[in-house]
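Remarks on the structure that follows.
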Amino acid sequence: MIKEYILSLLKETIDFDDASQIKVDIPKDPSHGDLSTNAALVLSKKLGKKPRDLAIELSDSLKYDNEIIESISIAGPGFINFKLNSKYFFKIVEKILDENSNYGKLSINSGKRANIEWVSANPTGPLHAGHGRNIALGKAIANLLEWSGYNVVREYYYNDAGSQMDNLAKSVHARYMQIFNPDFPFPEDGYSGNYIKDIANLIYNRKKDELKSSDNLEIFKLSGEDYNFNLIKKVLNLMGISFDVFFNESSLYKTGKIEELINRFREFQMVYEKDGALWLKMEKTEGFDKDKVIVKSTGEPTYRLPDMAYHIDKVKRGFDLIVDIFGSDHGDTYKEVLYGIKKAGYDNKNINVIIHQMVTFKRGDESVRMSKRSDNVYYLEELINDVGVDATQFFFVMRNPNTHLDFDIELAKDQSDKNPVYYLQYAHARICGILRNAQQNYDVLSDNPEVDFSKLGTEDELCLIKTLGRFPEIIHECSVNLEPYKLIPYLNEVASGFHSFYHNNRVLDSDNVELSKSRLALCRATKIILSNGFRIIGISAPDKM
RNA sequence: GCGCCCGUAGCUCAGCAGGAUAGAGCAACAGCCUUCUAAGCUGUGGGUCCGUGGUUCGAAUCCACGCGGGCGUGCCA
């Protein structure tokens with residue numbers, strides 16, 4: 001890319017052992033040129049020269065290609081500013097049109113395999129709105145991994161074995177029994193949602209009172225699991241997500257992986273028995289302050305043991321990168337899991353855990369209460385019905401996962417310029433409108449596909465082209481750090497650049513065929529960038545709005 | 001108490017591997033539709049970057065200590 005080109009020019013001219021401080025950036029102020037470097041500032045001390053003198057010296061001796069760099073100037077304390085040749089920018093437009101839906105795809109991780117695990121909600125009930133952040137993030141990050149070249153396995157891990165599933169069975173059973181006897185006691189910590197009654201009714205419709213006097217809860221558990229999983233999959237489907245692997249906890253028992261891990265811990269003397277439970281030694285030097293139970297006195301493992309076994313399984317599958325996405329309420333447990341992997345003698349360095357903070361939902365100024373206990377749950381499906389899939393996806397991905405998210409339902413629902421989703425999508429729809437119009441009403445424009453880009457030259461046009469050309473490096477930045485949210489301000493800039501261009505520059509004009517063609521090409525290039533960006537963050541690119 | 005995260009414009013947030021005058025969207029105010037979608041464009045106002053110290057040519061950004069908020073700190077997941 002162009003930044004590397006300039007960096008390589010600098011390296012040809014002057015020796016610097018430590019290049020980490022030297023940066024080539026796009027200056028905030030466009031009057032400072034298209035690119036700028038702080039090289040002279042950084043190197044001045046080492047070489048004992050004044051930054052400005054060094055800058056002049058450097059810029060005089062650079063041997064650059066005139067087709068790429070038009071001019072060089074010195075400014076401020078010693079920044080070297082580069083103005084690029086517009087021919088360079090026109091080549092970018094050609095490249096975008098040529099690579100089309102692949103433009104921006106990187107090869108930095110070609111040939112590598114990545115596993116990304118997220119959602120992983122247990123089938124004890126439908127997904128609630130708060131799950132949305134995890135779901136949306138994972139979707140976008142999985143896309144980013146693919147764009148950076150990885151072969152990606154999308155995976156969902158769920159617990160179909162532990163005490164939560166027993167609780168589900170008891171809850172469904174109680175609702176079933178209440179059909180015959182309204183006074184049948186409901187478990188104190190049972191799942192109170194109405195869906196439990198729906199499951200009980202389904203069982204009743206099938207089995208009538210056959211199960212009334214049975215104390216086998218298996219059928220209640222399986223029916224509940226099945227019902228809930230269908231609800232979950234339905235919503236995931238709405239969100240446009242499909243998983244390659246559904247990994248269930250019980251398989252870890254069947255294949256003996258839990259037992260194997262316990263034996264390994266024993267072998268490495270990492271565990272001891274106390275009060276009838278099996279404890280894992282947690283070392284202070286690793287930041288832990290007390291030991292943790294991995295097998296309860298009842299003989300059942302705590303959640304962390306199968307979590308560790310599961311991750312060891314992923315490690316053994318040989319991925320180059322393993323990504324986990326958790327809410328901040330799991331912020332401590334993932335550390336235990338990584339620790340367990342290491343202490344069992346496996347390598348955890350390929351595991352990258354992304355922790356996102358919690359979400360608050362608001363309708364205008366009013367916050368939406370979400371408590372599981374009172375059945376006052378705002379389900380993800382309701383949120384999607386309220387604001388639409390695109391707004392749901394967009395609002396969850398919009399912010400840095402590290403910060404708390406305020407999700408304004410009214411704003412997300414609003415079909416007006418207030419809503420940032422529409423601003424972006426509208427730019428795409430507008431372009432499609434122009435393309436339709438060109439096809440239907442401007443035959444002359446399709447005569448000869450040759451485009452003379454030198455017809456382009458207005459401020460708006462050049463500004464838009466420059467923005468489009470930054471797409472690959474934005475993808476690079478986003479994918480290296482697994483940060484899809486950074487794509488959004490960029491796409492906003494693309495849309496804004498396009499809207500300004502549109503406002504000031506008539507695209508279709510029969511009296512100006514060559515100009516029209518080149519502007520039409522610019523429109524197509526913009527459409528490609530927008531739709532590629534939308535695909536990554538996981539929203540649709542509408543043709544009409 | 002301890003651990004992790006956060007504190008930037010009226011609101012929601014970018015910027016935080018140190019760099020030129022701290023940005024965006026919304027809200028406020030003032031303009032722009034006989035022309036490819038006004039779900040748009042143009043302009044204006046708006047800041048103790050939580051506080052106090054430190055590191056240096058330079059700090060919103062790094063360090064220390066406070067203050068405020070969120071989440072953890074289970075033989076729940």
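Residue numbers begin at 1 in each chain, while the letters A, B, ... track the order of the sequences.
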Starting at the 5' end of RNA chain B and moving along, which residue's nearest nucleotide shows up first, A:Arg436 or A:Ile355?
A:Ile355
Judged by each residue's nearest nucleotide on RNA chain B, which is more toward the 5′ side, A:Ile80 or A:Leu405?
A:Leu405
Span that lies between the [atom1] atom of [M] and that of [N], in whole angstrom:
N	M	atom1	value
B:rU12	B:rA64	C1'	31 Å
B:rU48	B:rC57	P	30 Å
B:rA17	B:rG7	P	13 Å
B:rU21	B:rA27	C1'	25 Å
B:rA14	B:rC26	C1'	14 Å
B:rG69	B:rA28	C1'	29 Å
B:rU55	B:rC13	P	35 Å
B:rG51	B:rA77	C1'	39 Å

Between [X] and [Y], a side-chain donor and acceptor under 3.5 Å:
X	Y	value
A:Asp160	A:Asn248	yes
A:Ser500	A:Asp460	no
A:Glu155	A:Tyr310	yes
A:His428	A:Asp543	no

Can you tell me the base-pairing partner of [N]? Count Watson-Crick or G-U wobble geometry only, both distances below 3.5 Å, and say none if there is no partner.
N	value
B:rC65	B:rG51
B:rG58	none
B:rU73	B:rG1
B:rA20	none
B:rC29	B:rG43

May I have the distance from [X] (atom [atom1]) to [N] (atom [atom2]), rounded to whole angstrom?
X	N	atom1	atom2	result
A:Asn505	B:rU42	CG	P	12 Å
A:Lys544	B:rC36	NZ	P	16 Å
A:His503	B:rG40	NE2	C1'	7 Å
A:Gln425	B:rG40	CD	P	12 Å
A:His499	B:rG40	NE2	C1'	6 Å
A:Phe394	B:rC13	CZ	C1'	12 Å
A:Leu522	B:rC36	CG	C1'	14 Å
A:Tyr485	B:rA14	OH	P	7 Å

Candidate nucleotides B:rC5, B:rC36, B:rC16, ranked by approach to the side chain of A:Lys486 - the nearest:
B:rC16
From the candidates B:rU35, B:rA24, B:rU42, the one with an atom nearest any side-chain atom of A:Asn492 is B:rA24
Side-chain N,O ([X]) to OP1/OP2 ([N]) below 4.0 Å:
X	N	value
A:Asn402	B:rC5	no
A:Tyr422	B:rA38	no
A:Ser36	B:rG19	no

Mind checking [X] for me? I need base, sugar-phosphate or nothing, with any heavy atom below 4.0 Å counting as a touch.
X	value
A:Asn481	nothing
A:Lys335	sugar-phosphate
A:Ala429	base
A:Tyr502	base
A:Asp414	nothing

As a test of the definition: with a 90° window around 0 for syn, would you call B:rC33 syn or anti?
syn
Classify the glycosidic conformation of B:rA24 as syn or anti, calling it syn when the angle lies within 90° of 0.
anti
Does the structure show A:Phe79 stacking with B:rG19, if we require the centres to be closer than 5.5 Å and the planes to be within less than 30 degrees of parallel?
no
At what distance, to the nearest 0.5 angstrom, does CG of A:Leu236 lie from CG of A:Leu127?
5.5 Å
Got a second to check how far A:Asp406's CG is from A:Leu411's CG, nearest 0.5 Å?
11.5 Å
Could you check if a side-chain atom of A:Tyr502 sits within less than 4.5 angstrom of a side-chain atom of A:Arg430, using non-hydrogen atoms only?
yes
Going 5' to 3' through nucleotides 69-77 of chain B and flagging B where a protein heavy-atom sits under 4.0 Å of the base, S where only the sugar-phosphate is that close, and - otherwise, we get BBSBSSBSB
A:Gln439 side-chain N/O to A:Arg436 backbone N/O, donor-acceptor pair under 3.5 Å
no
My understanding is that only one of A:Val271, A:Thr302, A:Leu278 makes a side-chain contact (heavy atoms from CB on, under 4.5 Å) with A:Val295; could you say which?
A:Leu278
Test salt bridge (charged side-chain N to carboxylate O under 4.0 Å, His left out) applied to A:Glu273 and A:Arg266, step by step:
CA-CA 11 Å; A:Glu273 290 192 33; A:Arg266 285 216 165 95; 3.6 Å; yes
